[in-house]
Protein chains: 2
Amino acid sequence: MRQSDLRIGDLARHTGVGVATIRYYGDVGLLPEAGRSEGGQRHYRPSHVERLMFIKHCRELGFSQDNVRMLLTQADQSDASCEDVARLAKEHLEAVRKKLTALQALEMSLEDMIHACRGGRIQNCRIIEALAANE
Amino acid sequence: MRQSDLRIGDLARHTGVGVATIRYYGDVGLLPEAGRSEGGQRHYRPSHVERLMFIKHCRELGFSQDNVRMLLTQADQSDASCEDVARLAKEHLEAVRKKLTALQALEMSLEDMIHACRGGRIQNCRIIEALAANE
DNA sequence: CTAAGTCCTCGAGCTACTAGAGCTTCAAGC
DNA sequence: GCTTGAAGCTCTAGTAGCTCGAGGACTTAG
């Protein structure tokens with residue numbers, strides 16, 4: 001274990017990623033396997049910090065694990081064109097926009113339902129009616 | 001099996017809910033258990049169609065299974081006040097709005113990243129840079 | 001009676017973690 | 001050197017809400 005190495009808890013504090021999640025990322029191959037102490041405890045190099053932050057940012061932006069994997073692979077090929085990266089990002093943006101549209105529609109429906117409700121009994125409740133409607 | 005009863009496939013076609021999903025709703029108690037033929041095949045009454053449509057609408061509006069369960073319970077109490085229903089709907093609307101806000105922020109971040117990218121190599125890629133950034 | 005279509009159960013798989021049980025290792029203080 | 005408490009380890013299972021597949025049984029038209 002070198003001076004600059006971190007134990008899993010330190011890495012967690014440095015990055016804001018939970019200990020269990022870090023182990024999980026190792027298991028699924030997002031984060032390269034850490035070195036081990038004689039007792040079996042993981043120790044991480046500074047490169048792990050960078051990589052984990054990269055992963056964290058990707059996840060915060062909503063990229064799936066598979067996409068993160070691709071982005072990591074790309075990030076390692078410094079000579080390659082960044083075409084694929086841009087495409088991935090654009091596709092993801094498209095997906096986000098679709099979700100936004102869907103959510104907005106949903107927001108409106110809910111608003112309508114709620115505004116229609118004037119209190120009272122279930123049997124006259126507009127919300128229940130709306131949910132039960134055949135169309 | 002009465003004239004008006006439906007087999008699971010018919011119910012699926014009538015409601016647009018998949019066969020496996022209908023069975024699943026039965027298993028988890030959202031949809032009351034169907035009657036069975038001598039050979040063990042389910043047959044559904046018209047009331048099942050109504051209930052399933054109700055569930056479908058709820059799910060389309062993004063209510064969780066637990067919330068759907070509550071809404072169903074309420075819907076059955078025609079004399080009860082619709083207060084709880086309205087509260088549930090409002091809470092859900094709030095949750096939807098929060099998601100919307102988060103997604104919009106995400107959309108902007110992605111847009112910024114994508115606009116910053118001018119093509120070229122990974123080593124100069126602004127997207128990768130943004131993802132790798134320490135802050 | 002047969003064949004095609006539909007249905008049955010049971011178990012596993014999906015995403016991306018998260019929590020807990022039961023045990024071991026590490027490091028600081030005495 | 002010893003103790004002790006924090007932190008680490010592995011493994012299993014659980015979360016939400018379905019979805020799919022295997023292997024077999026039922027149903028119904030011809």
Side-chain angles (χ1 to χ4, degrees), chain A residues 1-3 5-31 33-44 48 51-52 54-72 92 95-96 99 102 106, chain B residues 1-3 5-31 33-44 48 51-52 54-72 92 95-96 99 102 106:
Chain A
M1 169 129 171
R2 316 190 194 180
Q3 188 69 37
D5 283 1
L6 300 171
R7 300 173 69 190
I8 199 166
D10 304 322
L11 181 58
R13 269 183 296 281
H14 267 57
T15 58
V17 177
V19 165
T21 306
I22 294 174
R23 277 197 282 254
Y24 170 72
Y25 285 162
D27 288 348
V28 299
L30 277 184
L31 199 60
E33 282 302 329
R36 298 287 183 131
S37 72
E38 292 201 0
Q41 303 200 350
R42 293 167 177 84
H43 43 96
Y44 294 92
H48 284 103
R51 201 154 181 103
L52 185 50
F54 188 95
I55 296 168
K56 189 190 180 197
H57 291 319
C58 291
R59 297 291 303 125
E60 284 167 351
L61 286 168
F63 286 102
S64 71
Q65 238 179 61
D66 268 1
N67 282 350
V68 176
R69 230 179 289 277
M70 287 190 258
L71 288 168
L72 282 167
H92 184 49
V96 167
K99 257 190 215 160
L106 215 147
Chain B
M1 170 128 171
R2 316 190 193 182
Q3 188 70 36
D5 283 2
L6 300 171
R7 299 175 70 191
I8 198 166
D10 303 323
L11 181 58
R13 269 183 295 281
H14 267 57
T15 58
V17 176
V19 165
T21 306
I22 294 175
R23 277 196 281 254
Y24 170 74
Y25 285 162
D27 288 348
V28 299
L30 277 185
L31 199 60
E33 282 301 330
R36 298 288 182 131
S37 72
E38 291 201 1
Q41 303 202 351
R42 293 167 177 85
H43 43 97
Y44 293 92
H48 284 104
R51 201 154 182 105
L52 184 51
F54 187 95
I55 296 168
K56 189 191 180 195
H57 291 320
C58 291
R59 297 292 301 127
E60 284 167 353
L61 286 169
F63 286 103
S64 70
Q65 240 180 57
D66 270 1
N67 282 349
V68 176
R69 231 178 289 278
M70 286 191 259
L71 287 168
L72 282 167
H92 184 49
V96 167
K99 258 190 215 159
L106 216 146

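Every chain is numbered from 1, with letters handed out A, B, ... down the list of sequences.
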Nearest atoms (heavy-atom pairs only) where B:A12 meets B:G18: CB-C, 4.4 Å

For A:R23, all residues meeting salt bridge (charged side-chain N to carboxylate O under 4.0 Å, His left out), sequence neighbours excluded: none

Distance test, side-chain N/O of A:Y25 to OP1/OP2 of C:dC17, below 4.0 Å: yes

Length of the line joining A:K99:NZ and C:dT15:P, which is rounded to integer Å: 14 Å

Interatomic distance where CG belongs to A:L52 and P belongs to C:dA16 [whole Å]: 16 Å

Side-chain N or O of B:R42 closer than 4.0 Å to phosphate OP1/OP2 of C:dT9: yes

Sequence-distant partners of B:F54, ring-ring contact (aromatic ring centres under 6.0 Å, His included), two or more places apart: none

Distance, rounded to the nearest Å, where B:E60 contributes CD and D:dG17 contributes C1': 15 Å

Qualifying salt bridge (charged side-chain N to carboxylate O under 4.0 Å, His left out) pairs with a residue from residues 57-72 of chain B, counting only residues at least two apart or across chains: B:K56-B:E60, B:D66-B:R69

B:R7/B:D10 salt bridge by N-O under 4.0 Å criterion: no

Polar atom pairs between nucleotides 27-29 of chain D and protein, under 3.5 Å, N or O only, would you list them?
{"residue": "D:dT27", "atom": "OP1", "partner": "B:S37", "partner atom": "OG", "Å": "3.1"}
{"residue": "D:dT27", "atom": "OP1", "partner": "B:G39", "partner atom": "N", "Å": "3.4"}

Backbone N/O of B:L61 and side chain of B:H92: donor-acceptor pair under 3.5 Å: yes

Proximity to DNA chain C (any heavy atom under 4.0 Å), residues of residues 11-20 of chain A only: none

Separation of D:dC18 P from B:D66 CG (nearest whole Å): 12 Å

Contact under 4.0 Å: A:R36 side-chain N or O vs C:dT24 OP1/OP2: no

Minimum-distance pair of heavy atoms, taken over all atoms of B:D5 and B:H43: OD2-ND1, 3.2 Å

Rounded distance (Å) that lies between atom P of C:dA27 and atom CG of A:L6: 13 Å

Below 4.0 Å: OP1/OP2 of C:dT18 and any side-chain N or O of A:T21: yes

Between C:dT18 (P) and A:Q65 (CD): distance, integer Å: 12 Å

Distance in angstrom units between A:I55 CD1 and C:dA16 C1', rounded: 13 Å

Any donor-acceptor pair under 3.5 Å from A:T15 side chain to A:L11 backbone: yes

Between C1' of C:dT9 and CZ of B:R23, the distance in whole Å: 9 Å

All ring-ring contact (aromatic ring centres under 6.0 Å, His included) counterparts of A:Y25, not counting sequence neighbours: none

